[in-house]
Structures are given as C-alpha cells and as structure tokens.
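Here is the structure we will look at.
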Amino acid sequence: MIIGAETTAAKGDKEAVEFIKFHEAQIRPMEIEVARRWWEAATTGKDEAFAAKQRAEEQLEKRLADRAAFSRLRAIRADGPTDPLLRRQIDLLYLQYLGRQIDPALIEAMLARSNAVEKAFTNYRPKLNGKELTDNQVREVLRESRDSAEREAVWKAGKAVARVLLPDFKELVALRNRAAVQLGFKNYHVMQLALAEQDQDEVLRLFDQLDDLTRDAFIKAKAEIDAELARRCGVEVAALRPWHYHDPFFQESPAVFAGAPKEIFKKIDIVKFCTDFFGGIGLPVDDVMAKSDLYERPGKNPHAFCIDIDRAGDVRILCNLVPGEEWLSTTLHELGHAVYSSKNIPDSLPYVLRTDAHALSTEGIAMMFERFVGNAAFLKAMGVEIEDPAAFDAATEKVRRNRLLIFSRWAQVMFRFEKALYENPDQDLNTLWWNLVEKYQMVRRPEGRDEPDFAAKIHVVTVPAYYHNYLMGELFAAQVHQALCREALGGVDPRKAIYVGNPKAGEFLVKRVFAPGRTLSWQELSKFATGSALGPEAFAREISAGKE
C-alpha cells in the first residue's frame with residue numbers, strides 16, 4: 001500500500017512537472033509579447049500599436065482557453081501534487097486557465113471592447129475653450145485656482161471622457177458578466193476576486209471594519225479641510241462641490257495647509273533623487289530608469305505604471321514627470337513596484353512563481369515608499385533644504401493622516417460601486433455613484449448633474465475589480481513598515497524611520513517580502529513578513545499617530 005501510494009504521488013508530481021514545462025514553453029513567450037506590445041501602445045498611442053497589442057492578447061487568451069489543456073490541468077490538480085512548489089504552481093495555473101474557459105468569440109469581443117476603451121483613454125485630452133489640456137494641467141488648476149467657475153469648467157472638461165467611453169464600457173460590463181456566468185460565478189466582480197484568491201464577503205467585512213474605524217476621524221478632518229477650501233474660494237462650506245477639491249475624485253488630501261512649500265519639491269531632480277534613494281538602501285534602479293519612459297508628450301498614456309516585461313529583470317516604469325511633489329511621490333511609488341519584481345525575486349524560483357505574491361502586496365510596498373515624501377528628515381537626508389523642519393513635519397503630519405483617511409473613504413466608493421455595478425449593471429449607475437460619494441466621501445453631488453462620472457476613472461473601466469487592493473495594500477504597507485522598524489532597524493519609532501542610506505531596510509524587504517515571490521498567498525505572506533494576518537490594527541495606529 002505504501003509503495004503504491006508513493007508511486008501514485010510520484011506520478012502526480014511528474015505530470016505536474018510536465019504540464020508546467022508545457023505552460024512555460026507555450027505561454028511565457030506570449031505573455032512577454034503582450035507586455036512588449038502593451039508598452040508600445042502606452043508609449044505611442046498609435047492605432048497600429050493598439051492593433052498589435054490586441055492581436056497578441058487574443059493569441060494568449062485563446063491559448064489559455066484551450067479546453068484540452070485545462071482538462072489536463074484540472075485532473076492534475078485533483079490528484080494533488082505532493083511537492084509544495086509544484087502544488088502551488090498548479091493551483092495558480094488552474095486559476096489562470098479557469099478564467100479563460102469561455103467561448104473564443106466572447107474573448108475576442110471583450111478584448112476588442114477593452115482595447116477600444118483603453119485607446120480612447122490614452123488619446124483623450126480635455127478641452128476648454130477650444131484648447132487641449134494635459135492631465136497635469138487639469139490637476140494644476142484644481143490645486144491652484146481660487147475661481148469656482150474656472151474650477152468647475154476644468155473639472156467638467158476632465159469628466160467629459162466618460163461620455164466618450166460609455167457605450168463601449170457598458171457593452172464590456174455585459175460581456176464580462178456573461179463570461180463569469182459561463183464559468184459558474186454569480187457575476188464578474190465575484191469571479192475576479194476569486195481568481196485572485198480573494199473572497200468577496202471577506203473583503204467586504206474588512207471594508208466594513210475600515211468604514212467604522214475611519215468614519216469619525218474622517219468627518220473631523222474633512223470639516224477642517226472644507227473650512228479652508230471654502231475660505232480660499234470665497235464660498236460657504238455648504239456651497240462646496242466636487243471641483244473645489246484638489247484632484248478630480250477627492251482621492252488625495254487637498255493642499256490647504258501650510259508647511260510644505262511647493263518650491264521645495266520643484267527644485268528636486270526627481271530621477272536623480274529616486275535613483276539615489278533606492279540605490280542607498282540596496283535596491284538599485286539604474287537599469288529600470290534607463291529603460292523607462294519618463295516625460296509627457298502627445299499620444300502617450302498620461303498616467304503612470306510599472307511593468308515587468310519578462311519576469312527576468314526587464315522592468316520599466318512609465319511616468320509623465322513635471323517637477324513637484326505629486327510626481328516625486330508617484331515615481332517613488334512606481335519604483336516601489338519595480339524593486340518588488342523579478343529584479344529582486346530570485347531567478348531560482350520557477351517562472352510561474354517569479355512575481356509578486358498579490359496585487360495588494362506590491363501596491364502596499366509602492367505606497368510605503370511614496371509616504372516618505374512628507375517627511376522632513378527624509379528630504380533632508382536626501383539633500384533637500386528645508387528651512388523649518390519642525391513646522392514642515394507638523395503640517396505634513398496632518399496631511400499624511402488626512403491622506404490616509406481620504407484615500408480609505410475613496411476606496412470604499414470604488415469597491416462598493418464595482419460590486420454593485422456587476423451585480424446589477426442596468427440600475428441607475430449615475431445615481432449609484434453619487435450616492436456612494438456622498439455617503440463615504442461626504443462630497444455633495446452637483447445639482448441636476450446626470451453624467452456617467454464613474455467612467456472617467458480609468459480603473460473602473462480598464463482595471464476592473466482591482467481597486468480594493470490599494471486600500472488592502474495600505475494595510476499591508478503599515479504592517480510591513482512597523483515590522484521593518486521593529487526587526488531590522490532596532491525598534492525605531494515608525495514615525496521617524498526614513499530608511500535613507502540604510503541597506504538593512506532593503507535586506508529586510510528582499511528576505512521577508514520579495515524573495516518568496518508567489519510561493520505564498522497574500523494571507524501567508526502577511527504572516528511571514530510581519531508576523532500577523534492582514535488586518536486594520538497597524539493602519540489604525542498610523543491614522544492615530546500624531547493625532548491632535
């Protein structure tokens with residue numbers, strides 16, 4: 001009996017090895033081709049680049065949809081390989097292939113609609129009085145102008161992209177739900193979370209906890225922000241509307257408190273600053289910067305992202321740099337993704353596992369790095385002159401706490417909107433969106449407005465059922481930072497830790513976060529890296545630290 005069991009186990013492991021080899025030989029080159037075509041489309045905006053991207057995506061999706069391969073994979077998974085790394089790879093491949101077991105015609109239709117929307121987003125530029133505006137210019141007006149009419153006009157111009165996208169987006173939602181039902185899921189949102197090893201009810205419970213945790217603190221912080229915004233624009237608090245906040249969705253803390261002069265950030269050479277910082281903690285990014293596309297130009301994707309082309313070290317970021325705090329923060333964020341990639345995940349891991357554990361873990365690391373921008377000691381250690389560090393920190397501490405609170409409430413809107421969108425896409429989505437904005441962000445809807453403003457948020461359209469990972473990433477960032485301070489930096493106060501020039505910070509991250517790759521689930525990684533399951537406790541300490 002024992003010999004027979006061992007023989008069966010050995011056979012199961014052998015079949016798993018053979019399938020993984022088959023997958024790498026067939027799928028890896030296609031995934032690399034998709035990444036390269038995606039990069040070209042994002043950096044050029046050309047029709048032929050998007051067409052090439054779509055063809056590459058269709059070939060990959062169709063190969064992953066192969067019914068015979070999936071049947072073979074399902075049988076291997078049912079037998080249960082005994083080797084832990086083999087079992088982990090088979091489980092992940094099962095989820096990857098499962099999501100494609102739909103009609104090939106449906107795959108093509110989804111990709112066509114998705115590319116049409118992404119292309120429209122990439123090429124769209126808001127127009128005001130016949131003049132095109134860049135995304136940076138829209139944000140500058142929302143940060144700087146004290147003219148409510150100008151702010152309203154620019155805000156509405158930025159939202160106008162939604163009408164352009166809406167027909168394709170509504171069709172895309174229907175196609176996504178049809179695909180989910182074909183695979184036995186209630187709807188696309190439930191499916192996407194399940195394929196990412198998440199349970200919708202579990203995430204909802206966590207978001208309910210965070211709602212309770214942040215509500216009172218947010219109300220107090222927002223009242224203070226609103227009073228200052230109203231004063232600056234010469235209106236009553238009751239007259240404040242979405243365009244009075246300093247970004248199009250009130251997902252960032254408005255820059256209404258003194259202490260962080262813009263001039264400080266505008267003098268910073270962002271590329272040198274970020275390259276020096278990451279190099280100083282033992283996570284050099286010179287090669288990343290050399291391959292990246294950093295400055296804005298017509299036709300280029302106006303946002304920012306990081307991409308690991310081949311899981312073999314070809315890692316790049318796309319930015320649209322202009323001097324200032326926003327793009328310094330964004331570049332630190334994108335390079336946080338870059339260092340948590342195949343640059344620092346061991347090449348001894350198999351291809352399937354040579355990537356981040358989960359979207360929330362890489363987002364957490366990226367957000368952990370961007371937080372340093374508001375720390376005077378960090379900036380001074382990086383050679384930035386600050387006249388009054390104490391005053392700077394007093395103000396930026398308020399901004400830091402406000403940012404966490406504001407983002408947590410914004411993420412509530414995104415998660416709950418997408419959940420409801422895919423549960424019932426035929427409902428009044430315009431009203432749903434503003435109901436959630438008013439409930440969780442406490443921003444008043446414009447009177448009489450009936451526009452699909454939700455579709456102006458690129459993530460809703462092109463990166464569905466993903467945004468909740470940003471807030472879960474904030475929880476992960478808080479836990480990792482506090483564990484790093486405790487275990488690698490000698491118990492330093494997390495509010496004072498800046499990492500600059502300290503390779504122990506990089507060593508901790510490599511060993512405890514990056515090195516496992518995807519051998520661990522996000523729940524397992526949280527315990528491995530921080531000693532605790534992912535929860536709201538560390539985040540709660542962050543929003544209470546420095547509380548007046």
Side-chain angles (χ1 to χ4, degrees), residues 27 34 54 57-78 90-118 165-207 358-360 413-433 435-436 452 454-455 457-469 521:
I27 302 301
V34 167
Q54 182 174 330
E57 288 173 332
E58 287 176 355
Q59 290 174 0
L60 173 60
E61 293 295 315
K62 289 178 180 178
R63 187 61 60 89
L64 288 169
D66 182 83
R67 300 296 173 90
F70 180 68
S71 178
R72 179 182 168 197
L73 175 59
R74 184 169 50 193
I76 294 170
R77 182 171 180 264
I90 291 298
D91 284 343
L92 292 172
L93 291 176
Y94 175 79
L95 293 174
Q96 185 179 9
Y97 281 72
L98 173 62
R100 277 77 177 187
Q101 301 307 302
I102 55 179
D103 292 339
L106 183 53
I107 293 175
E108 288 185 15
M110 290 171 64
L111 287 172
R113 294 291 182 183
S114 181
N115 273 284
V117 170
E118 188 173 343
L165 307 177
L166 188 62
D168 280 324
F169 176 58
K170 292 183 75 171
E171 179 63 23
L172 186 54
V173 170
L175 292 170
R176 287 168 175 168
N177 266 351
R178 193 185 310 166
V181 171
Q182 282 190 9
L183 296 179
F185 292 96
K186 181 180 177 182
N187 60 58
Y188 184 80
H189 192 267
V190 173
M191 181 186 81
Q192 284 296 94
L193 267 65
L195 296 179
E197 301 184 285
Q198 292 176 326
D199 176 77
Q200 189 188 68
D201 290 338
E202 180 184 7
V203 176
L204 182 60
R205 283 193 296 272
L206 183 57
F207 270 59
H358 194 275
L360 74 85
V413 172
M414 288 289 287
F415 174 69
R416 295 172 192 276
F417 176 79
E418 289 193 290
K419 179 176 179 293
L421 164 68
Y422 288 100
E423 286 174 348
N424 179 13
D426 295 324
Q427 65 184 297
D428 183 346
L429 297 174
N430 299 357
T431 298
L432 169 66
W433 175 260
N435 285 348
L436 291 169
F454 58 88
K457 184 59 180 174
I458 190 170
H459 298 75
V460 172
V461 182
T462 63
V463 194
Y466 181 91
Y467 212 87
H468 61 283
N469 289 306
S521 68

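Note that the structure is predicted; figures quoted are calculated from it, not measured. Just so you know, residue 1 is the first one in the sequence shown, and it goes up from there. Hydrogens, waters and symmetry mates play no part in the numbers below; they use all other heavy atoms, side chains included.
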To the nearest 0.5 Å, how far apart are [atom1] in [X] and [atom2] in [Y]?
{"X": "R63", "Y": "I27", "atom1": "CZ", "atom2": "CD1", "answer": "6.0 Å"}
{"X": "K419", "Y": "M414", "atom1": "NZ", "atom2": "CE", "answer": "15.5 Å"}
{"X": "M191", "Y": "Q182", "atom1": "CE", "atom2": "CD", "answer": "10.0 Å"}
{"X": "I90", "Y": "R77", "atom1": "CD1", "atom2": "CZ", "answer": "10.0 Å"}
{"X": "T462", "Y": "F169", "atom1": "OG1", "atom2": "CZ", "answer": "9.5 Å"}
{"X": "E61", "Y": "L64", "atom1": "CD", "atom2": "CG", "answer": "6.0 Å"}

Which residues share a ring-ring contact (aromatic ring centres under 6.0 Å, His included) with F417, sequence neighbours left out: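 If we apply the ring-ring contact (aromatic ring centres under 6.0 Å, His included) test to F417, skipping adjacent residues, the hits are W433, F454.
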
Pairing donors with acceptors under 3.5 angstrom, does anything connect the side chains of E423 and H189?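 There is no such pair (donor and acceptor under 3.5 Å, judged by atom type) between the side chains of E423 and H189.
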
List the atom of [X], the atom of [Y], and the distance in Å for their closest heavy-atom pair.
{"X": "R176", "Y": "V460", "value": "NH1-O, 4.2 Å"}
{"X": "P464", "Y": "E418", "value": "CA-OE2, 3.4 Å"}
{"X": "A455", "Y": "V461", "value": "O-CG2, 3.5 Å"}
{"X": "L95", "Y": "A194", "value": "CD2-O, 4.1 Å"}

Please answer whether the main-chain N or O of D201 pairs with a side-chain N or O of D199 as donor and acceptor at a distance below 3.5 Å.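 Checking the backbone N and O of D201 against the side chain of D199, a donor-acceptor pair under 3.5 Å is found.
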
Are side-chain heavy atoms of [X] and [Y] found at a separation under 4.5 Å?
{"X": "Y467", "Y": "V413", "result": "no"}
{"X": "L429", "Y": "Q427", "result": "yes"}
{"X": "R416", "Y": "L204", "result": "yes"}
{"X": "E57", "Y": "L60", "result": "no"}

Could you go step by step and tell me if H358 and Q198 meet the side chain to side chain contact (heavy atoms under 4.5 Å, CB included) rule? CA-CA 10 Å; H358 194 275; Q198 292 176 326; 3.1 Å; yes

Give me the one residue out of N430, D426, N424, L432 that meets side chain to side chain contact (heavy atoms under 4.5 Å, CB included) with D428.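 Between D428 and the candidates, side chain to side chain contact (heavy atoms under 4.5 Å, CB included) is satisfied uniquely by N430.
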
Trace of the side chain to side chain contact (heavy atoms under 4.5 Å, CB included) decision for I107 with E58: CA-CA 7 Å; I107 293 175; E58 287 176 355; 5.8 Å; no

Determine, using ring centers only, whether Y188 and Y422 are less than 6.0 Å apart.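 Yes; Y188 has its ring centre under 6.0 Å from that of Y422.
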
Stepwise, does the side chain to side chain contact (heavy atoms under 4.5 Å, CB included) test hold for Q101 with R67? CA-CA 7 Å; Q101 301 307 302; R67 300 296 173 90; 3.1 Å; yes

A179: what forms a side chain to side chain contact (heavy atoms under 4.5 Å, CB included) with it, not counting sequence neighbours?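 With sequence neighbours excluded, A179 shows a side chain to side chain contact (heavy atoms under 4.5 Å, CB included) to I102, L106, M110, given in chain and number order.
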
Please evaluate residues L175 and R178 with respect to the criterion side chain to side chain contact (heavy atoms under 4.5 Å, CB included), reporting the C-alpha separation (whole Å), side-chain torsions for both, the decisive distance (0.1 Å), and the verdict. CA-CA 5 Å; L175 292 170; R178 193 185 310 166; 3.9 Å; yes

Do the rings of F415 and F207 sit parallel, tilted or perpendicular, given the 30° and 60° boundaries?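 Rings of F415 and F207: tilted, as their planes differ by 30° to 60°.
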
